Peer 1: 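This is the structure I want to talk about, given as structure tokens.
What you see is a predicted model, and the numbers here were worked out from it, not measured in a lab. Numbers here simply count residues along the sequence, with the first being 1.
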Amino acid sequence: MYASGELMRAMTETSPECIKVVARDGRLLQMNPAGLAMIGADSWQSVEHASTVELVAPEHRDMWRANHERVCAGETLLWEFDLVGLKGVRRNMETHASPLLLSDGTTAQLAFTRDVTERNRLRGTQQQLTVELEERVQGRTRELEAALRRLQESERSFELLVDSVTDYALYMLDPTGRVVSWNSGARRIKGYEAAEIIGKNFECFYSEQDRAAGVPATGLRTAAREGRLETEGWRYRKDGTRFWANVIIDAITTDGNLVGYAKITRDITERRAADTRLRQAQKMEAVGQFTGGAAHDFNNLLMAILGSLEILRKRLPNDPRLLSLLDNAVQGAKRGSTLTQRMLAFARRQELKHEAVDLAHLVNNMLELLERSLGPTINIETRFPHELVRVRTDANQLETALLNLAINSRDAMPHGGTITISVAEHSIAAGHATSLAPGAYACLTVADTGQGMDEATLARATEPFFTTKGIGKGTGLGLSMVDGLTAQSGGKLIIQSIAGRGTTMELWFPTTMKTERASERGSTAPHEGARPERPLCVLAVDDDSLVLANVAVMLEDLGHKVIAVGSGARAIEEIEAMPGIDLLITDHAMPVMTGLQLIEIIRARRPELPVILATGYAELPHGVSASIGRLSKPFTQRALAQVLAATVIN
């Protein structure tokens, strides 16, 4: 077995990283072969006692001198600077420096320096940051290996160097896995004092299941066979708490004989949690995009089904059996329409009618409906502030969301219980636990005394199509819809729940001016009973042939002449060829040319032409002209007639 000094000298000489000792006056006292190559020196004799600061880029020299002085005064520092070396090749370096007491009683800088030019170039994205963090782990591992191979100072100097690292657990194992050294980083991360752990087997850091499965011993065998092992997993501290660890084990051999292991452990619990949150966010974004697209296509199918059923009902004989079947089909299609609205709400693509909503007034108006819907075993309590609390959101969607939450609470209390609905105002500052943007908010809370949710269920509660209810008792889109509504209104849904202790749903909305008048509910649509004075020539545009045919039948049944085309380009051709067209009705989401783009082109040529835009979700940019009639898919013939009349009459 090598003496510790020989082992350190061997490791120092073979290290690929720069290890150097710099005197307090800046003279280079010692540098390993890798460092000489890094600064462009042919030999140690050519740079011995040279001024280290002359190798640093001019604009970084003052910073380097200041940090060097701090290290010599007793601090341990990590910093970056640009190196120009002897040949003027500029590179970005990262150095980890610790104070070193020399034999003459003076203090010098012991530094481990590596080239981080490429790493710094890759910074900027989350993926690049992850790569950088992994490179730092590898870099710190190389620093330890370099120290073990190359250090020419005394064993005490080596121990001081290792003990100065606090963010990594650095320690040695003998061939059987017993701990033989322990640094301050190991003490901080794992909680053991050196006297408590040295001599014990490192298996104590693993769970009982891992020990029973032989995981620690397997890791040592792998490191001995391959020379190195890097792995991740749960490890345990002295107090029994666990952390997610990145672990590197390097086998140390002498003349082919295993003499022990160098072990590095890093606590990466927070990074792992951040990675998990990022993957979840990316997954939900992808699901949202798919859901929004699927709902849009489903809306087109429902448009064709509902429209055709509506026309068919007018033309069927008055046979109760046939009409009953037809009504069943209509109800099924309407349930499908409700489902698509919830999908669009989750995808944040539903069309909302934002208005000033008095929360207390809205809840009070719903109490009778809630009591009938929830049954006699559910007690409803309300708690509202004395002052008026108004938010900007879609009142109809909020009523639906509130009813949905109340029914969920009822289902969680099969033997009865209490639902508390309350409103409170809050002023949110930067860094608030809700992660909301700073500003004034109102929180509408629905709390129950039901069964609650465990952590696994709570983590998936707002995922689309996830439900704990039985087959046929829920779509799994209720909470997704509420989440989408709050997000589109500039707020957030926060769920708090403990199994066996109930659930609290918090709907956060930005508040609006207290002087702003709340919109009147249930007002009659303008021109509801009005009809155009004469049959119109209508140009209908939709890339979906089923929807286009259905709209044409609806219009013809209303007595209008229809020109149906499947693209914006064809519509422009018809406008130019037929000056007698009275109205344009177009879908928005079309390939090559959207409905808004088509309207812009046609209005440049015929500004007086009335237009109606049909869309399945809120995909329109801000500032769309109020003179454009709007139809939300799927729409009925009655809705079409009302919008058509309002657009033409206006």
Side-chain angles (χ1 to χ4, degrees), residues 288 291-292 295 335 337-374 378 380 382 384 389-412 419-424 434 436 441-448 450 453 458 461-469 473-497 503-512 518-519 521 617-618 632:
T291 302
R335 289 178 63 182
S337 178
T338 301
L339 181 62
T340 60
Q341 291 306 310
R342 291 187 172 185
M343 292 169 67
L344 290 170
F346 163 73
R348 304 179 187 179
R349 296 184 181 181
Q350 65 178 339
E351 185 173 2
L352 297 182
K353 181 184 178 183
H354 284 100
E355 56 188 351
V357 178
D358 180 350
L359 291 179
H361 182 70
L362 182 141
V363 174
N364 284 328
N365 284 348
M366 288 187 65
L367 284 179
E368 183 178 352
L369 171 63
L370 291 173
E371 289 170 352
R372 290 200 311 268
S373 302
L374 303 181
I378 303 300
I380 302 176
T382 58
F384 303 130
V389 180
R390 285 178 177 165
V391 298
R392 288 196 64 81
T393 188
D394 187 308
N396 288 324
Q397 294 290 344
L398 181 55
E399 287 179 347
T400 301
L402 185 59
L403 179 60
N404 191 292
L405 294 179
I407 291 174
N408 283 350
S409 293
R410 178 203 65 189
D411 293 344
I419 296 176
T420 303
I421 304 175
S422 60
V423 174
T434 59
L436 289 166
Y441 290 83
C443 179
L444 174 62
T445 302
V446 180
D448 63 52
M453 293 178 276
L458 183 60
T462 58
E463 289 186 12
F465 308 112
F466 174 76
T467 179
T468 57
K469 299 179 180 180
K473 295 184 178 181
T475 63
L477 284 169
L479 289 182
S480 299
M481 182 270 289
V482 179
D483 187 44
L485 170 65
T486 54
Q488 275 189 270
S489 301
K492 188 175 185 179
L493 170 65
I494 298 177
I495 307 175
Q496 302 178 38
S497 186
T503 299
T504 298
M505 301 284 181
E506 297 180 353
L507 283 66
W508 291 77
F509 298 97
T511 57
T512 188
S519 299
R521 306 293 311 284
Y617 52 83
S632 296

Peer 1: Starting at CD1 of I421, measure out to CE of M505 and round the result to the nearest 0.5 Å.
Peer 2: 13.0 Å
Peer 1: Drop me the distance from T445's OG1 to Q496's CD, to the nearest 0.5 angstrom.
Peer 2: 8.5 Å
Peer 1: Please name all residues satisfying side-chain contact (heavy atoms from CB on, under 4.5 Å) with A442, sequence neighbours left out, ordered by chain then number.
Peer 2: L359, V389, V391, T511
Peer 1: Please set out all donor-acceptor pairs under 3.5 angstrom arising from side-chain atoms of residues 362-371, sequence neighbours excluded.
Peer 2:
| from | atom 1 | to | atom 2 | distance (Å) |
| --- | --- | --- | --- | --- |
| N364 | ND2 | A360 | O | 3.1 |
| N365 | ND2 | H361 | NE2 | 3.0 |
| E368 | OE2 | R372 | NH1 | 3.3 |

Peer 1: Just how far is it from atom CG of D448 to atom CG of L405, taken to the nearest 0.5 Å?
Peer 2: 10.0 Å
Peer 1: Nearest 0.5 Å, what's the OG1-CD distance between T434 and E506?
Peer 2: 9.0 Å
Peer 1: Keeping the roles fixed (side chain from T512, backbone from R392), state whether a donor-acceptor pair exists under 3.5 Å.
Peer 2: no
Peer 1: To check you understand the geometry: which heavy-atom pair defines the closest contact between Y441 and P510, and what is its length?
Peer 2: CD2-N, 3.6 Å
Peer 1: Locate the shortest heavy-atom distance separating G490 from L436; write the atom from each residue and the value.
Peer 2: O-CD2, 4.5 Å
Peer 1: Can you tell me how far SG of C443 sits from CD1 of I494, rounded to the nearest 0.5 angstrom?
Peer 2: 7.0 Å
Peer 1: Could you pull out the closest heavy-atom pair between D358 and R390, with the gap in Å?
Peer 2: CA-CG, 3.9 Å
Peer 1: Where is the tightest heavy-atom contact between S497 and T503, given as atom of each residue plus distance?
Peer 2: OG-OG1, 2.8 Å
Peer 1: Grab the two heavy atoms, one from V482 and one from A401, that are nearest each other, plus how far apart they are.
Peer 2: CG2-CB, 3.7 Å
Peer 1: Rounded at 0.5 Å granularity, tell me how far CZ in R410 sits from CD1 in I380.
Peer 2: 11.0 Å
Peer 1: Could you please spell out the steps behind the side-chain contact (heavy atoms from CB on, under 4.5 Å) verdict for L398 and L444?
Peer 2: CA-CA 10 Å; L398 181 55; L444 174 62; 4.1 Å; yes
